[in-house]
Structures are given as C-alpha cells and as structure tokens.
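Right, one structure below, let's go through it.
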Amino acid sequence: MSFYWVKTNAIIRKLFSSYIWLLPNNEKKIYLTFDDGPIPEVTEWVLAELKKNNAKASFFCIGKNIEANPDIFKKIIYDGHSIGNHTYNHLNGWKTSTENYLADIEKCENAIIKSACDFKRSTPQLFRPPYGKIKTGQTKRIKSLGYKIIMWDVLSGDFDQKIAKEKCLDNLIQNIEPGSIIVFHDSVKASKNLKYALPKVLDYLNNNNFSYARITAESFTNSKL
C-alpha cells in the first residue's frame, strides 16, 4: 500500500529544512512543477495548456528522456520555463550508493547541456530527488555542487492510478496557498489524472487571482523564507 502526504506535513518541513518545500510570498505566486519528462504527447500537451494560460512552470527532467526527446526539451526552454535535474535514470536515492547517485546526476546535467547548447543553466541549479527519497550524505554532496534541492508543498497524486481524477483535482484545490510548490507528472502513467486536473486547476488559479512563477535564483531571494 502506497502512502504519501498530499500536503507536506509541517513537521517534515522543519525536520528537513535544508530542502525547499514552498516559497511563501505576498503576491499569491504559486510554483507549478512537472516531473519525469520530457516525453512525446504528454509534455507537449502540458506545454500547450501552460501557453494558453500564460503560465510559467519548472520542469524536473530525466536525463535519458532529454536525450530521447531533445526537440521537446528545447521547446520547454524556448517557452520560458525553468529546468531542473531529476537524475538520468530516475534513481531512488535510498537504494543507490552516493557515488552512483552523484554520477547519475552529473550524467543528467551533461544531457541538459548537450541537448540545448545555448541554454545557460540557472545559479543555483535545481535538483529534485525522484520519489523524494535521498540520503543525508547525498544531500550534502549535492548542495556542495551548488544545487538547491526542491521538494514540494502540494502533491497532486496524478501518478496514483488508484485515485479518481476528481480526487486529484480536489487534492490541489483544497491545499494550494501562496508560495505552494505543486507537483504534477508529465508521464504516461499520470496522463489520465493530469489531463483532467491541470486545465481545471489552471482555471481555479486564474479565477482566484493567483499568479504563476518559475523557480529561479530570484525565487529564493524574494521569498519570505
């Protein structure tokens, strides 16, 4: 049986305060993020929905998917979204040695640079551990390389094929607040829930005067953290 918090518990945020869980602000900015792409059709559909709503987001990309779909990856960049590293092979940090984990992150970083030669990486760079699973030693090494480790405040649950698509939408609407970092997945597994929930949550955000922001270096300096 799988377990996950839709709204990240405040105690967890406090215990693991070296990670970025949300970015509080007074402007009703929220931070849409998408994990596991880029892939054909699903990522392209997400980009079209975001463009229709003039919404910017941050994409945490898997290196092997970048190499397989370089044109879609370039489209993410050219549409003005932020890019984050999500390892090359979608590794579970708890089950991976620190050296192998770091090598996989570096391989993803090389894929990012190679696939978009004119793309200037943000400083600090963004990293999200697959499954949110990462060891303390891995955290220290990754941060020493200049990465910010980005977790989340609200998990849509779109990856969970056991929940109804309406529940996925409810997870979002009931828990979003200014500064929320929201996780969707641009993957085949999540596509049914994603394609139902994303347009409706964008309508909700627009109608309630939220604004969209990418995660960038300015996000950390301007936040109330």
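All residue numbers in this chain count up from 1 along the given sequence.
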Would you say that T33 contacts R128 through its side chain, given a criterion of any heavy-atom pair below 4.5 Å between the two side chains? yes

Does the structure place the NZ or CZ of K28 under 6.0 Å from the centre of the six-membered ring of F210, at an angle of no more than 45° from the ring's axis? yes

Determine yes or no for a side-chain-to-main-chain donor-acceptor pair under 3.5 angstrom, with T87 supplying the side chain and L91 the backbone. yes

Are D170 and K167 packed together at the side-chain level, in the sense that at least one heavy-atom pair is separated by less than 4.5 angstrom? yes

Given F59, which partner from the list F73, F34, F184 fulfils the ring-ring contact (aromatic ring centres under 6.0 Å, His included) test? F34

Is a side-chain donor or acceptor of N171 paired with a backbone partner of S156 at a separation under 3.5 angstrom? yes

Looking only at non-hydrogen atoms, find the nearest pair between M151 and P129 and report the distance. CE-CG, 3.5 Å

Please determine whether a side-chain nitrogen of the Lys or Arg among E177 and K7 lies less than 4.0 Å from a carboxylate oxygen of the Asp or Glu. yes

Pairwise distance CG(N25) to OG(S211) - rounded to 0.5 angstrom: 7.0 Å

Any heavy-atom pair between the side chains of Q138 and I149 that's under 4.5 Å? no

Examine distances only and state if a side-chain atom of D186 and a backbone atom of T43 form a donor-acceptor pair shorter than 3.5 Å. no

Does the side chain of S58 come within less than 4.5 Å of I83's, by heavy atoms? no

Salt-bridged, E49 to K52, with N to O below 4.0 Å? yes

Contact between N89 and K64 at the side-chain level, heavy atoms closer than 4.5 Å - yes or no? yes

Q125 side chain to N85 main-chain N or O, any donor-acceptor pair under 3.5 Å? no

Residues passing the ring-ring contact (aromatic ring centres under 6.0 Å, His included) test with F60, sequence neighbours excluded, are none

Identify the two heavy atoms, one from R214 and one from Y31, that lie closest to each other, and give their separation to 0.1 Å. O-CE2, 3.4 Å

Where do E109 and Y147 land on the side-chain contact (heavy atoms from CB on, under 4.5 Å) test, with the steps shown first? CA-CA 11 Å; E109 194 64 35; Y147 287 92; 3.0 Å; yes

Test side-chain contact (heavy atoms from CB on, under 4.5 Å) on I142 and L102 and set out the steps. CA-CA 7 Å; I142 292 164; L102 270 290; 4.2 Å; yes

Quick check on the hydrophobic clustering: are W5 and W152 connected, directly or via other members, by side-chain heavy-atom contacts under 4.5 Å? yes

Closest approach of W94 and K135, non-hydrogen atoms and distance? O-CE, 3.4 Å

Side chain of N193, backbone of D160: donor and acceptor closer than 3.5 Å? yes

What do the steps show when you test N53 against N206 for side chain to side chain donor-acceptor pair (under 3.5 Å), and what is the final call? CA-CA 8 Å; N53 288 273; N206 293 337; 2.9 Å; yes

Value rounded to 0.5 Å, distance of NZ in K29 from CG in L23: 10.0 Å

Here the gap from C168 atom SG to K192 atom NZ, rounded to the nearest 0.5 Å, amounts to 8.5 Å

If only atom types and distance count, is the side chain of N69 paired as donor or acceptor with the main-chain N or O of P38 below 3.5 Å? yes

Do H81 and L47 make a side-chain contact, defined as non-hydrogen atoms from C-beta onward lying under 4.5 Å apart? yes

Of the non-hydrogen atoms in R13 and T8, which two are nearest, and what is the gap between them? NH1-O, 3.2 Å

Charged N to carboxylate O below 4.0 Å: is that the case for K75 and D79? yes

Flag side-chain contact, heavy atom, 4.5 Å: C108 against I62: no

Verify the cluster assignment for L145 and I105: are they in a single hydrophobic cluster under the rule of side-chain heavy atoms below 4.5 Å apart? yes

Look at the side-chain heavy atoms of Ile, Leu, Val, Met, Phe, Trp and Tyr, link any pair under 4.5 Å apart, and say whether I112 and I39 land in one connected group. yes

Would you find a donor on one side and an acceptor on the other, under 3.5 Å apart, between the side chain of D153 and the backbone of W21? no

Can you see which heavy atom on S82 is nearest to which on T216, and at what distance? OG-CG2, 3.6 Å

Does I11 CD1 have over 12 foreign heavy atoms under 6.0 Å away? no

Would you please test R141 and E99 for salt bridge (charged side-chain N to carboxylate O under 4.0 Å, His left out) and show each step? CA-CA 10 Å; R141 292 280 299 278; E99 293 306 318; 2.9 Å; yes

State the CG-OG distance between L198 and S191, to the nearest 0.5 angstrom. 12.5 Å

If you draw the axis of the six-membered ring of Y88, does the NZ or CZ of K107 fall within 45° of it and under 6.0 Å from the ring centre? yes

Nearest 0.5 Å, please: how far is OG1 in T96 from CG in D104? 7.5 Å

Show your reasoning for whether side-chain contact (heavy atoms from CB on, under 4.5 Å) applies to S180 and L22. CA-CA 5 Å; S180 286; L22 70 169; 5.7 Å; no

Taking L155 as the starting point, is it possible to reach Y131 by hopping between hydrophobic residues whose side chains are less than 4.5 Å apart? no

F16 vs Y19 aromatic rings, parallel, tilted or perpendicular, using cut-offs 30° and 60°? parallel

For residues I72 and I66: do they belong to one hydrophobic cluster (side chain heavy atoms under 4.5 Å, members Ile, Leu, Val, Met, Phe, Trp, Tyr)? no

Within a reach of under 6.0 Å around CG of N9, are more than 12 heavy atoms found that belong to other residues, nucleotides or ligands? yes

Got a second to check how far D158's CG is from I163's CD1, nearest 0.5 Å? 8.0 Å

Regarding K200 and the six-membered ring of Y204, is the cationic atom NZ or CZ under 6.0 Å from the ring centre and inside 45° of its axis? no

Report yes or no: does S115 contribute a side-chain atom to a donor-acceptor pair with the main-chain N or O of P70 at less than 3.5 Å? no

Check whether any side-chain N or O of Y212 sits under 3.5 Å from a backbone N or O of L202 as a donor-acceptor pair, and report yes or no. yes

If you compare all heavy atoms of L172 against all heavy atoms of A197, which two are closest, and at what distance to 0.1 Å? CD1-CB, 4.2 Å

Quick check: F127 with H86 (ring centres under 6.0 Å apart)? no

Are L32 and L50 side-chain neighbours, meaning at least one heavy-atom pair lies under 4.5 Å? yes

Would E106 and Y101 count as having a side-chain donor-acceptor pair, cut-off 3.5 Å? no

Counterpart residues, ring-ring contact (aromatic ring centres under 6.0 Å, His included), relative to W45 (two or more places apart): none

